[in-house]
Visitor: 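I'd like to ask some things about the structure below.
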Amino acid sequence: MLRRPRRNRKSAAIRSLVEETRLAVSDFIFPLFLIDGINQKVPVDSMPGIYRYSLDLMLEEIDSCLQLGISAFDIFPAYPEEKKDRFATESYREDTFYLKALRTIKQNFPQACVMTDVAMDPYNSDGHDGLVENGRILNDETLEILGKMTLAQAKAGADIIGPSDMMDGRVGYLRKLLDENGYKEVSIMSYTAKYASAFYNPFRDALDSAPKSGDKKTYQMDPANSREALIEGQLDLEEGADFLMVKPALAYLDIIQLLHQQFPLPIAAYNVSGEYAMIKASAANGWLDGERAMLESLLSIKRAGAKIILTYFAKEAAQIGL
Ligand code: PBG
């Protein structure tokens, strides 16, 4: 036997020499859930270890993450039902708690990279990412609302906006609007290939944002398809996206790899709420080693070609040291 692959695995020292992929805390974007009020830290039942914070406690959380080396945060607001309407009007009301919080976060931590979510669902009484009329999700009318939301978030200090709505043409529409309004520096991380997935449920619990009727299959992608991701990627590239994102991550490693091979933009992957919940639930039952399963899945996402990982594990992974 001339070729004995095990020689390259014989000691920790050799294994670390041949190791091709290494996670870094700087790869992570940490999603955080914001609620109105003060001194609030409300657990998300389906995501053990994850909380909804009021601004004062979120500032403390961000501070402790920055000390661990996490410097990017994706902030999602959870609104009470009475603030929601069909047109997601609350999303661009200047004094709404989400926009005020973004301003305060940027004032306190100018060095932090703050990403925001552009989609109607947290503010929409229909629970959809777009405007609903007679059971249909209207594309072009939704763009106008997303535009107002985007400008309001840019004005509040967002560094990256994250359109997660999957409406056609939104990246180009939002890019143009940002440029025309003097926000040339605001980046766009497009949810390029976002699939109609069962893995978002814990997130919808966290935000109380599940659709009131129907599902998201007329705008989010069909899990059966990969070639469509190339069309989405091409459009986002042409429309000016700075990053392409695949979501969810673990059931879509092939899509991450495909976009990484086809497009020169940095690829991000969203390791979503259900992926987090699965590992947490089996670890709680003693069915697998939660820490090892976490690191192995994050590593797989990076190995597939994602440079950036949005993950609820960010803080935990940073705490154990990478
Ligand atoms: C909606 C949005 C969703 C997530 C991020 N933005 C849920 C959905 O599309 O229903 C999911 C994130 C997660 O599951 O962690 N605009």
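All ligand and atom numbering here is 1-based and tracks the order in the structure.
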Visitor: Relative to the heavy atoms of R204, which atoms of ligand 1 are at a distance of less than 4.0 Å?
Guide: 8 (C), 10 (O)
Visitor: Should the pair R136-E133 be classified as a salt bridge under the 4.0 Å nitrogen-to-oxygen rule?
Guide: no
Visitor: Looking only at heavy atoms, is any part of Y312 under 4.0 Å from ligand 1, and if so is it the side chain, the backbone, or both, or is it neither?
Guide: side chain
Visitor: Looking at Y270, which atoms of ligand 1 are within less than 4.0 Å of one of its heavy atoms?
Guide: 12 (C), 15 (O)
Visitor: Give a yes or no on whether a salt bridge exists between D165 and R170, defined as a side-chain N under 4.0 angstrom from a carboxylate O.
Guide: yes
Visitor: Should the pair E81-K212 be classified as a salt bridge under the 4.0 Å nitrogen-to-oxygen rule?
Guide: yes
Visitor: So, the side chain of K106 versus the backbone of A112: is there a donor-acceptor pair under 3.5 Å, distance only?
Guide: yes
Visitor: Please find the pair of heavy atoms, one from N285 and one from A281, that lie closest to each other, and give the distance.
Guide: ND2-O, 3.0 Å
Visitor: Any ion pair linking E180 and K176 (charged N to carboxylate O, less than 4.0 Å)?
Guide: yes
Visitor: Considering only protein heavy atoms, which is closest to atom 14 (O) of ligand 1, and at what distance to one decimal place?
Guide: S273 OG, 2.7 Å
Visitor: Would you say the side-chain atoms of D159 pair up with the backbone N or O of V114, donor to acceptor, closer than 3.5 Å?
Guide: yes
Visitor: Ignoring hydrogens, what is the shortest heavy-atom contact between L55 and A101? Give both atom names and the distance.
Guide: CD1-CB, 3.7 Å
Visitor: If we check ring-ring contact (aromatic ring centres under 6.0 Å, His included) with F33, which of these qualifies: F203, Y79, Y51?
Guide: F203
Visitor: Under 4.0 Å from any heavy atom of K247, which atoms of ligand 1 are there?
Guide: 2 (C), 3 (C), 4 (C), 5 (C), 6 (N), 11 (C), 12 (C)
Visitor: Write out the residue and atom name of the closest protein heavy atom to atom 2 (C) of ligand 1, then the distance separating them to 0.1 Å.
Guide: K194 NZ, 3.3 Å
Visitor: Heavy-atom contacts with D129 under 4.0 Å: which atoms of ligand 1 show up? List them by number with element.
Guide: 1 (C), 16 (N)
Visitor: Please state which part of D117 comes within less than 4.0 Å of ligand 1, counting heavy atoms only: side chain, backbone, both or neither.
Guide: side chain
Visitor: Given that the side chain starts at C-beta and the backbone is N, CA, C, O, which of these parts of A119 lies under 4.0 Å from ligand 1, counting heavy atoms, or is it both or neither?
Guide: side chain
Visitor: Taking heavy atoms and a distance under 4.0 Å, where does D121 meet ligand 1: side chain, backbone, both or neither?
Guide: side chain
Visitor: Please could you name the atoms of ligand 1 that K216 approaches to less than 4.0 Å, counting only its heavy atoms?
Guide: 8 (C), 9 (O), 10 (O)
Visitor: Does Q220 come within less than 4.0 Å of ligand 1, judged by its heavy atoms?
Guide: yes
Visitor: To check your reading of the model: name the closest protein heavy atom to atom 16 (N) of ligand 1, its residue, and the distance in Å.
Guide: S164 OG, 2.7 Å
